Amino acid sequence: MISIWGSTGSIGTQTLDFVALNPDAFQIHCLTTHNNVDLLLKQTEQFRPKQVVITGDCDPSEIQATFQKYNVHILFGKLGLLEAASNPDVDLVVNALVGAVGLEATLLAIDSNVDIALANKEVLVMAGELVMNRVSEKGVRIVPIDSEHSALYQCLQGENPSQIRRIILTASGGPFLNRDAGTFPEVTIEEALSHPNWVMGQKVTIDSATLMNKGLEIIEARWLFNVQPEQIDVVIHPQSFIHSMVEFVDGSIKAQLSTPDMHVPIAYALSGPDRWESPWGSQDFTQPFSMDFQPPDRKKFASLNLAIQSLKDGGTAPAIFNAADEVAVNLFLSGKIRFHQISEIVEQALNSHRIIDNPNLEDILTADNQVRQDILNKYESEIL
Ligand code: MG
């Protein structure tokens, strides 16, 4: 029995595509949405979950009436999500929530011995050490859905983790790979939202344009695979066909490849280590096809060094990095700041907030909240 948090988002709907392809393999316990109630209703009709959660603002009595004929238990708000998260009858949760909201829910699911398929990278960025310690205490599995980390996870099957020399995260470079950084202040929201290869949610698409997404993935990889920051490299690979690579101590490099389609890592997270027949990812090699690689421009995209800095600073620093980026992206999407200010805001936040070592959950949530408030106070009222 599985639950899908964020079932109406990009990862959530693609997860349900895989579930629909394998109707006998999965029973859905819980689906959640923030405010896409129309789609949740359609999903409820098709997949018949036992429970749904709506975390955004809504009229509960209206919702009860709308969902009545499906005989589904409805929960509301963040508390509803946390209640759903603590259900030990669920075998696996697909956490496809966006942003910091998924952290507490993930910890509750781990405590209830539920395996986690993780698309919500902020969970490991904010609290990687805490989460991974809890995962090993409880003996649950955490399987990445992020395409790069799924690639690394697949490359590491049957390997000895102590023989990893380094991991190499691939990055498409986003829409501004070849754009002059001097023009970054003029970047429009539409330009930043048009990713060359992947169709994704808004937050991760903007993060791909700033390479903040790769910064978050560096932090995610450090915790998922227990490697040091120095062992994590990034290479620009515009075709997004190699999803990441592991180099071992003997110099051998393993890579995982497919066309850029999130269905592929989602399917592996749900079926792995088995592989099930599915229509996605296959590349046509009858046509000429080449792959390119280049080192990232770390001056133009400060996000990579900021991520490494936050890992070296340790403690609450990655949570500060994450919160600052999340708020800055929202400010950019609402037209309150310009594109180049996103990384400036993250850098300022890392340099101006006190870092707490060995943080517990409360320390992390407090740091997260403080950073958000400080940035909003400073930029909310600004007019471009
Ligand atoms: Mg990724």
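Counting convention: from 1, in listed order, for ligands and their atoms alike. Source: prediction; values computed, not measured.
If you run side-chain hydrogen bond (donor to acceptor under 3.5 Å, both in side chains) between Asp374 and each of Lys378, Arg372, Gln370, only Gln370 comes through.
Using bins of under 30°, 30° to 60° and over 60° for the plane-to-plane angle, the ring pair Phe184/Phe176 lands in the tilted bin.
With respect to the Mg ion (ligand 1), Glu217 has OE2 as its nearest N, O or S atom. Atom OD1 is the N/O/S atom of Asp146 found closest to the Mg ion (ligand 1). Considering just the N/O/S atoms of Glu148, the one nearest the Mg ion (ligand 1) carries the name OE1.
A distance-only check finds a donor-acceptor pair linking the side chain of His149 to the backbone of Glu217 [under 3.5 Å].
Side-chain rings of Phe289 and Phe241 approach one another, their centers coming within less than 6.0 Å.
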